[in-house]
Amino acid sequence: MDELSTVGKSVPRVDGMEKVTGTAKFTNDFALPRMLYGKVLRSPYPHARIGRIDVSQASKLPGVKAVLTGKDNPEGRMGVVLDRPIVAEDEVRFVGEAVALVAAESLEVAEEALDLIDVEYEELPAIFDAEEAMKPHSEVVVQLGHHLLPSIPAYAGHNIPFATAEETPNVYRAFHIQEGDIEQGFRESDVVLENRFVFTRTQHCAMEPHCAMARPEPDGGFTVWASEQHPFEAQLFLSRIFKLPVPKVRVIAPFIGGAFGGKLFVMGMPWAMMLARRTGRPVKVVYSREEVFVDGYSDVPVVIYIKDGVKKDGRLWARSVKAVINCGAYSGRVLLLTGSMVMGATVNYRIPHFWWDSYCVATNEPVSGSFRGFGGVQLIHAVESQMDMLAKAIGMDAYKFRRMNLYKEGEINLLGQPTHAVEAEECLDKVAEWIGWGKKPEKREEGPWRIGRGISAQGKGGLVSPYSLAEVKVHFDGTIEIRHGATEVGQGCNTILSQIAAEEFQTPVGKVRQISGDTAVTPYDITSTANLTTFNTGNTVRRACQDAKRQIFEIAAERLKMKAEDLELKDGLIYTRGKTEAALKLGDIFVPGGGGTAKEERERILKKFGVDYMFCHGACALEVAVNTETGEVKVLRIAQCHDMGTPINPQACEAQIDSGNGFGVGRALYEEIVIENGVTVNPNFVDYKIPSMLEVPLGAEVSSMLPAGVPHEDGPYGGKGFGESTNCGISPAIAGALYDAVGIRMLDLPITRERVLGALKRVG
Amino acid sequence: MKMPLQFRVNGEDYEVYVEPWKTLLEVLRDELELTGTKAGCLAGECGTCTVIVDGKAVKSCLMLAPQAAGREIMTVEGLAQGGKLHPLQQAFIDHFAFQCGFCTPGMLMSSKALLDENPHPTADDVKEGLYGNFCRCTGYVKILEAVLAAGAKPRG
Ligand code: FES
Ligand code: FES
């Protein structure tokens, strides 16, 4: 495919003009006439029975238009198993749970009204530690009868049964897979190594706080503007919650100011809708930064036990993993992670004997959510740290040890899926070469600083979905309009999809117009998560374009008395193959009397792809300096390489890789939501540190590389998605580099100064 | 309780009536409907609300409306002149220096204040000038590139 004109080129992002001039509209940039401001009163207790709620004072405050409590709830609930009431009813189950809602003429009045609501609580015993909570016959039960709640239909392809039992009431879900004979595997291994890794809670910290605005419509429905990654899922959930026909809820997702998995699951929307329904006026609910930290569906705390067996010659022989996932007080989305986390241990390395158990456990901590990598950060940190330690134990180089165990093209992985179009080895080679693996760093020390290197590999799968739809409309002037349901969260999907349409129509990217993220006007899309958009939506856009072209050629062929196969399109002109003079303008076929108009037709992807998953692999190598007096760790240089099939827009791909650096360094070294007795004690950017420009390597110290680009057979132009995994390999490489520098092995994240100092003291 | 507030924003004179406890950010977004300036934390911690006040980069969520009286303010909407992008804006596009774009207005304003003071900054100058502006999407690599590129160009 060497004659591609747009795909494979670093065309500028199509949203550039809007984003640099301040005209790009995010949800909170919209305001409606007669709009009210909504605010949420939140529980101060991790677990309590709610007694009387007195709203009389708050209701009397001038400017207050509605004060609602759990009694005013709509019928439905939130969460994967529909267990979280929109507003708490008889009990609160975490600090920060919604207890009452206010709508007022101004934000100040709404906030003042919150202080006037009087709630009586009767405290109940609470439980925070997931390992404690999963013990049989736990005295504290977060939610009675949880296992009796209805489940959603099997999560896109993962047919995971709910394995819950009476005697473990806080275990919401268990997931198990196995391969070979694990005990035999350990018996046959020359070295067996077992460790426990602990991961605390972290926040996505998208720069845009969550926002939802709901307008009641005359037909009893709602229009909802929201910072939501998945408008179609939101539409479905909201219609269930409010018992409305699906089309009566219109969800519009304007530009989204970063998501990273944190803008899913109808956040804020039901509150705005309840208040709008009561007042008959539009209501906007904006989360404060503190609310984002407290009830922003942060990443899950996880404890991972991992036991590995390896042969002396370097072959990984057996691996067993037990993951205990702290789901928080309600199911949120984390139930799904119980299953999907397994990817981090199953798609990279060949292992004959494998055993996996994961448990999703309810506690009285805030509800956990999905996060870029969906369990990958934690699992890959554990797996890759083990890989370092195993290599050391058998006296092998960490890079060579990884490389020899990687799956090769065509091998069936532990998920039963073929390895296809992955360039895991190339990625690993490229980063190793860039960092100078195997050679001595120029300096090993300087004053109190010690320098070391680390390396990691990672893999992640994404479900190939038949549920992304697109429509293509060809306008009179040759403008190609594509309508799709994917959302531009910053990842650049609008640019990639424009490029694909431009390629198909042989027209400049500027001639492509997009309409997206509005459930009323765009066709369905399963979700803009999990590395899926380029692959699934990209494929669909391409097919819809081909279908539109087919129809255009049919009409033109009739007009020109020619065969449709002999026609081609370029820059809005229709040519006879081989001729340099155009036969027709695209607009000509719209002229009546010439065979009708181009028919607008939704493309239905009924045929499933040959495989269920596509996999993207990558590698990271880096160099750190650690200060032996203060415990400070600095990443000096970093290289990442990720496979993506054919890159549709190389520079945008590089930008996605860079993007993982900031995330990964923050997660590895600083980020941690501190929760004491259920209370989030650091819900702001002063106490929860995310990297600024000073904490990440930049310029020549960074290399974001693409491998040669083996086209994926089923991907659009051979492309596939990868952006979600670029943050997953950094922490294990940092941990490896620390070991290299000063001989300490940090198992848990984040690797804070205090922890480094503590570990240094222990080794003396 | 509203008070009159006169100031200049993006070269235009304004007189608005606002409560004295409103922040400049609120006045810009809610009264003037200049929503390019973003509210990421309302506590001076993220930099998404950065505007230029009398030539200096200021976090507008920390400045009260009365403090803005009589001052000359520039927001991201005022950066392009006569339909032509400012070199920084062009550099941000050319270098893929944004993804979601939420930090971009603040980032551009901090960068402009920096370049106005120091037209040819080094990488360290840029880091020093922009560390108060968080970006969660880009890893900062391309932002630094863009600002350095805009700084390297002779500017009119
Ligand atoms: S909103 Fe002003 S610094 Fe964050
Ligand atoms: S581009 Fe999204 S925060 Fe900077």
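Below, chains carry the letters A, B, ... as their sequence lines are ordered, and counting in each starts from 1. Computed over heavy atoms, backbone and side chain alike; hydrogens, waters and symmetry mates excluded.
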Side-chain donor or acceptor of [X] paired with backbone N/O of [Y] under 3.5 Å:
{"X": "B/Arg136", "Y": "A/Phe663", "result": "no"}
{"X": "B/Gln99", "Y": "A/Gly258", "result": "no"}
{"X": "B/Tyr140", "Y": "A/Pro691", "result": "yes"}
{"X": "A/Arg289", "Y": "B/Leu42", "result": "no"}

Can you tell if the side chain of B/Phe134 reaches within under 4.5 Å of the side chain of A/Ser692, non-hydrogen atoms only?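 Yes, side chains in contact.
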B/Trp21 and A/Glu108, any side-chain heavy atoms less than 4.5 Å apart: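 With C-beta onward as the side chain, the pair touches.
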Can you check whether anything in residues 68-78 of chain B gets within less than 4.5 Å of chain A, heavy-atom wise, and list it by number?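 Within residues 68-78 of chain B, the residues under 4.5 Å from chain A are B/Val76, B/Glu77.
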Rounded to the nearest 0.5 Å, what separation is found between the [atom1] atom of [X] and the [atom2] atom of [Y]?
{"X": "A/Met693", "Y": "B/Asn133", "atom1": "CE", "atom2": "CG", "result": "8.5 Å"}
{"X": "B/Cys100", "Y": "A/Glu208", "atom1": "SG", "atom2": "CD", "result": "7.5 Å"}
{"X": "A/Ile690", "Y": "B/Cys46", "atom1": "CD1", "atom2": "SG", "result": "8.5 Å"}
{"X": "A/Gln656", "Y": "B/Cys137", "atom1": "CD", "atom2": "SG", "result": "8.5 Å"}
{"X": "A/Glu654", "Y": "B/Phe96", "atom1": "CD", "atom2": "CZ", "result": "9.0 Å"}
{"X": "B/Lys22", "Y": "A/Ser106", "atom1": "NZ", "atom2": "OG", "result": "6.5 Å"}

Side chain, backbone, both or neither: which part of [X] has a heavy atom under 4.5 Å from chain A?
{"X": "B/Asp94", "value": "backbone"}
{"X": "B/Lys38", "value": "side chain"}
{"X": "B/Leu34", "value": "neither"}
{"X": "B/Thr138", "value": "backbone"}
{"X": "B/Glu145", "value": "neither"}

Most heavy-atom pairs under 4.5 angstrom with chain A, which of B/Thr48, B/Leu85, B/Leu79?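 If we count pairs closer than 4.5 Å to chain A, B/Leu85 comes out on top.
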Heavy atoms only, distances under 4.5 angstrom: which of A/Leu694, A/Val702, A/Asp15, A/Asn661 has the most pairs with chain B? Name it, please.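 The option with the most such pairs is A/Leu694.
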Report which part of [X] has an atom under 4.5 Å of a heavy atom belonging to chain B: side chain, backbone, both, or neither.
{"X": "A/Phe30", "value": "neither"}
{"X": "A/Ile256", "value": "backbone"}
{"X": "A/Glu290", "value": "neither"}
{"X": "A/Val686", "value": "both"}

Residue-level contacts of residues 20-29 of chain A with chain B, using a heavy-atom cutoff under 4.5 Å: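 Those residues of residues 20-29 of chain A which have a heavy atom under 4.5 Å from chain B are A/Val20, A/Thr21, A/Gly22, A/Ala24, A/Lys25, A/Phe26, A/Asn28, A/Asp29.
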Nearest heavy atoms of A/Phe685 and B/Glu45, plus distance in Å: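 Looking at all heavy atoms of both residues, the shortest contact is N-OE1, 2.9 Å.
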Heavy-atom closest contact (A/Lys19 atom, B/Thr104 atom, distance):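 Looking at all heavy atoms of both residues, the closest pair is O-CG2, 3.7 Å.
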Which residue in the set B/Val126, B/Leu144, B/Leu148 passes side-chain contact (heavy atoms from CB on, under 4.5 Å) when paired with A/Leu698?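 Only match with A/Leu698 under side-chain contact (heavy atoms from CB on, under 4.5 Å): B/Leu144.
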Tell me whether [X] at atom [atom1] has more than 12 heavy atoms from other residues, nucleotides or ligands lying less than 6.0 Å away.
{"X": "B/Tyr14", "atom1": "OH", "value": "yes"}
{"X": "A/Met17", "atom1": "CE", "value": "no"}
{"X": "B/Glu33", "atom1": "CD", "value": "no"}

